[in-house]
Asker: 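Sharing a structure with you now.
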Amino acid sequence: MKTVTYDDVVAMEPCWLETPQGRRRLRYYAKKRERWTALDVLRLSRVSVEDRLWLVLRPELIDEPVLHEYACRCAEYALTFVADPDPRSVAAIDAKRRWVRGEIGDDDLDAAWAAAWDAAWAAARDAAWAAARAAARDAAWDAARAAARDAAWDAAWDAARDAARDAAWDAAWDAARKREVQMLIDLLKEVYHVQD
């Protein structure tokens, strides 16, 4: 398995090295061991998920076919949240895997990517229309509620709703990023035959 050193990380110029805390943290970890594998980095629970993924998702630490497989697994995981995924999206993931194995060329991969992109735009357009309808409905509801209640109650209600929505979004985002790290750990253990 590939490794990086303190000097390798510094050469990558991570933005968190611009802060004294980030430089201290890197020096702290450099004292713990000289060389780090992707698995070592991914298991650093005191480092943000974003920083761990930023550091390891590169060919200096993970072989490119493994990075492509990870992308496929992330895409498949994302599709589990779609009730009826567009077949073009599923086909693009399959095409990516066949491309990595050398079974298809760049033109075929590009065609699958373009079809998946069209599917994504169609889904985004549908989602935008649904969001616009929901926003219009919410605006009408808010107008009716504003007429029936005083401004202080509306402000408190809106603030509580916004705070709850933001907290839910943050929790979902955090859970998704942690899931991505675990998926990558599992893949690396599988590919490199690592036992815990």
Side-chain angles (χ1 to χ4, degrees), residues 1-82 85-86 89-90 92-101 109-110 112-113 116-117 119-121 123-124 127 165-196:
M1 196 177 307
K2 296 179 180 181
T3 60
V4 291
T5 65
Y6 171 87
D7 291 332
D8 295 331
V9 174
V10 170
M12 292 175 194
E13 300 180 352
C15 63
W16 44 265
L17 278 185
E18 296 173 7
T19 67
Q21 179 187 11
R23 290 188 295 273
R24 273 193 310 273
R25 184 182 311 144
L26 183 59
R27 284 192 302 270
Y28 167 80
Y29 286 119
K31 291 177 186 175
K32 288 184 150 286
R33 67 175 59 180
E34 186 176 324
R35 304 192 75 72
W36 292 78
T37 68
L39 280 172
D40 296 329
V41 173
L42 290 169
R43 291 177 172 148
L44 295 174
S45 61
R46 292 178 52 199
V47 175
S48 76
V49 170
E50 286 78 12
D51 288 344
R52 286 182 270 164
L53 288 172
W54 179 89
L55 183 60
V56 302
L57 291 178
R58 56 186 67 238
E60 292 90 351
L61 264 172
I62 299 175
D63 294 325
E64 289 194 37
V66 179
L67 289 172
H68 291 296
E69 175 59 24
Y70 175 65
C72 290
R73 290 184 184 193
C74 287
E76 286 173 332
Y77 179 66
L79 288 178
T80 65
F81 295 99
V82 178
D86 192 296
S89 298
V90 176
I93 296 168
D94 179 58
K96 181 67 157 189
R97 286 190 171 117
R98 289 186 293 129
W99 177 82
V100 168
R101 292 189 304 261
L109 180 63
D110 290 344
W113 181 86
W117 188 250
W121 272 110
R165 183 186 61 234
D166 291 347
W169 173 258
D170 290 347
W173 180 257
D174 188 50
R177 298 303 274 185
K178 286 179 181 175
R179 170 80 169 114
E180 290 171 12
V181 166
Q182 190 57 54
M183 283 174 38
L184 185 53
I185 288 171
D186 294 343
L187 175 61
L188 292 173
K189 287 168 54 177
E190 173 187 323
V191 168
Y192 296 111
H193 309 290
V194 174
Q195 301 280 327
D196 278 335

Asker: Relative to each other, are the rings of Tyr77 and Phe81 parallel, tilted or perpendicular (30° and 60° limits)?
Answerer: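 Rings of Tyr77 and Phe81: perpendicular, over 60°.
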Asker: Measuring from atom CH2 of Trp16 to atom CZ of Arg25, what distance do you get when rounded to the nearest 0.5 angstrom?
Answerer: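 Rounded to the nearest 0.5 Å, the CH2-CZ separation comes out at 7.0 Å.
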Asker: Walk me through it: do Asp63 and Tyr192 pass the test side chain to side chain contact (heavy atoms under 4.5 Å, CB included)?
Answerer: CA-CA 11 Å; Asp63 294 325; Tyr192 296 111; 3.0 Å; yes
Asker: Checking Arg46 against Tyr28: charged group under 6.0 Å from the ring centre and within 45 degrees of the axis?
Answerer: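 Arg46 over Tyr28 ring: yes.
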Asker: Rounded to the nearest 0.5 Å, how far apart are CG of Asp7 and CE of Met12?
Answerer: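 Answer rounded to 0.5 Å: 11.0 Å.
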Asker: Could you grab the distance from atom SG of Cys74 to atom CD1 of Ile93, nearest 0.5 Å is fine?
Answerer: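 One finds 10.0 Å between SG of Cys74 and CD1 of Ile93.
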Asker: Hey, is the main chain of Val4 close enough, under 3.5 Å, to the side chain of Arg35 for a donor-acceptor pair?
Answerer: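 Side chain of Arg35 to backbone of Val4: no pair is present.
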Asker: Please say whether more than 12 non-hydrogen atoms of neighbouring residues, nucleotides or ligands are located less than 6.0 Å from NZ in Lys178.
Answerer: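 It does not: Lys178 NZ has 12 such atoms or fewer within range.
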Asker: Among side-chain atoms of Asp86 and Ser89, is any donor-acceptor pair under 3.5 angstrom?
Answerer: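 Asp86 vs Ser89: no donor-acceptor pair found between side chains.
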Asker: Among Lys31, Lys32, Arg27, exactly one meets side-chain contact (heavy atoms from CB on, under 4.5 Å) together with Tyr29. Which residue is that?
Answerer: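 The residue from Lys31, Lys32, Arg27 that satisfies side-chain contact (heavy atoms from CB on, under 4.5 Å) with Tyr29 turns out to be Lys32.
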Asker: Apply side chain to side chain contact (heavy atoms under 4.5 Å, CB included) to residues Tyr70 and Leu188 and explain how you reach the verdict.
Answerer: CA-CA 9 Å; Tyr70 175 65; Leu188 292 173; over 6 Å; no
Asker: Indicate yes or no for a side-chain donor-acceptor contact from Arg52 to the backbone of Val47 under 3.5 Å, with no hydrogens or angles considered.
Answerer: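 Yes.
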Asker: Roughly how far, to the nearest 0.5 Å, is CH2 of Trp54 from OG of Ser48?
Answerer: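 Interatomic distance, Ser48 OG to Trp54 CH2, rounded to 0.5 Å: 11.0 Å.
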Asker: Does some side-chain heavy atom of Leu26 sit less than 4.5 Å from a side-chain heavy atom of Val10?
Answerer: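 A side-chain contact exists here, since the closest heavy-atom pair is under 4.5 Å.
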Asker: Is there side-chain contact between Val9 and Pro14, with at least one heavy-atom pair below 4.5 Å?
Answerer: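 When only atoms from C-beta onward are counted, Pro14 and Val9 do touch, with a gap below 4.5 Å.
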Asker: Side chains of Tyr6 and Glu34: does their closest heavy-atom pair fall under 4.5 Å?
Answerer: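 No, too far: nothing below the 4.5 Å cut-off.
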Asker: For Ala92 and Ala112, which heavy atoms make the closest approach, and how far apart are they?
Answerer: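 In this case the closest contact between Ala92 and Ala112 is CB-O, 3.7 Å.
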Asker: Ile62 and Lys2: side chain to side chain contact (heavy atoms under 4.5 Å, CB included), yes or no, with the steps?
Answerer: CA-CA 7 Å; Ile62 299 175; Lys2 296 179 180 181; over 6 Å; no
Asker: Would you say that Val56 contacts Leu39 through its side chain, given a criterion of any heavy-atom pair below 4.5 Å between the two side chains?
Answerer: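 They are not in contact (no side-chain heavy atoms under 4.5 Å apart), so the answer is no.
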Asker: Which heavy-atom pair separates Val100 from Pro65 by the least distance, and what is that distance?
Answerer: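 That closest heavy-atom pairing would be CG1-CB, 3.9 Å.
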Asker: Whether Arg33 engages the ring of Trp36 as a cation-pi pair (distance to the six-membered ring centre under 6.0 angstrom, angle to the ring normal within 45°) should be assessed.
Answerer: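 So Arg33 does make the cation-pi contact.
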Asker: Using 4.0 Å as the upper bound for N to carboxylate O, is an ion pair formed by Arg101 and Glu69?
Answerer: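 No salt bridge links Glu69 with Arg101.
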Asker: Rounded to the nearest 0.5 Å, what's the gap from CZ on Arg97 to CG on Leu109? Could you check?
Answerer: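 If I round to the nearest 0.5 Å, the distance is 13.0 Å.
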Asker: So how far is it from Asp40 CG to Thr3 OG1, rounded to the nearest 0.5 Å?
Answerer: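 Taking CG in Asp40 and OG1 in Thr3, the distance rounds to 9.0 Å.
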Asker: Report the C-alpha distance between Val194 and Met1 in whole Å, list the side-chain angles of each, state the deciding distance to 0.1 Å, and finish with yes or no for side chain to side chain contact (heavy atoms under 4.5 Å, CB included).
Answerer: CA-CA 10 Å; Val194 174; Met1 196 177 307; 3.7 Å; yes
Asker: Does any part of the side chain of Glu180, heavy atoms only, come nearer than 4.5 Å to the side chain of Val49, both counted from C-beta?
Answerer: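 The answer is no, as the side chains (C-beta and beyond) never meet within the 4.5 Å cut-off.
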Asker: Are the charged groups of Glu190 and Arg73 less than 4.0 angstrom apart, N to O?
Answerer: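 Here Glu190 pairs with Arg73 in a salt bridge, since their nearest N and O are under 4.0 Å apart.
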Asker: Does the side chain of Gln182 reach to within under 4.5 Å of the side chain of Ile185, using non-hydrogen atoms?
Answerer: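 Touching, per the 4.5 Å side-chain cut-off.
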Asker: Would you call Leu184 and Leu57 a side-chain contact if the rule is heavy atoms closer than 4.5 Å?
Answerer: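 In contact.
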Asker: Quick one, Leu187 and Val191 - any side-chain contact, counting heavy atoms below 4.5 Å?
Answerer: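 Of all side-chain heavy-atom pairs linking Val191 with Leu187, at least one is under 4.5 Å.
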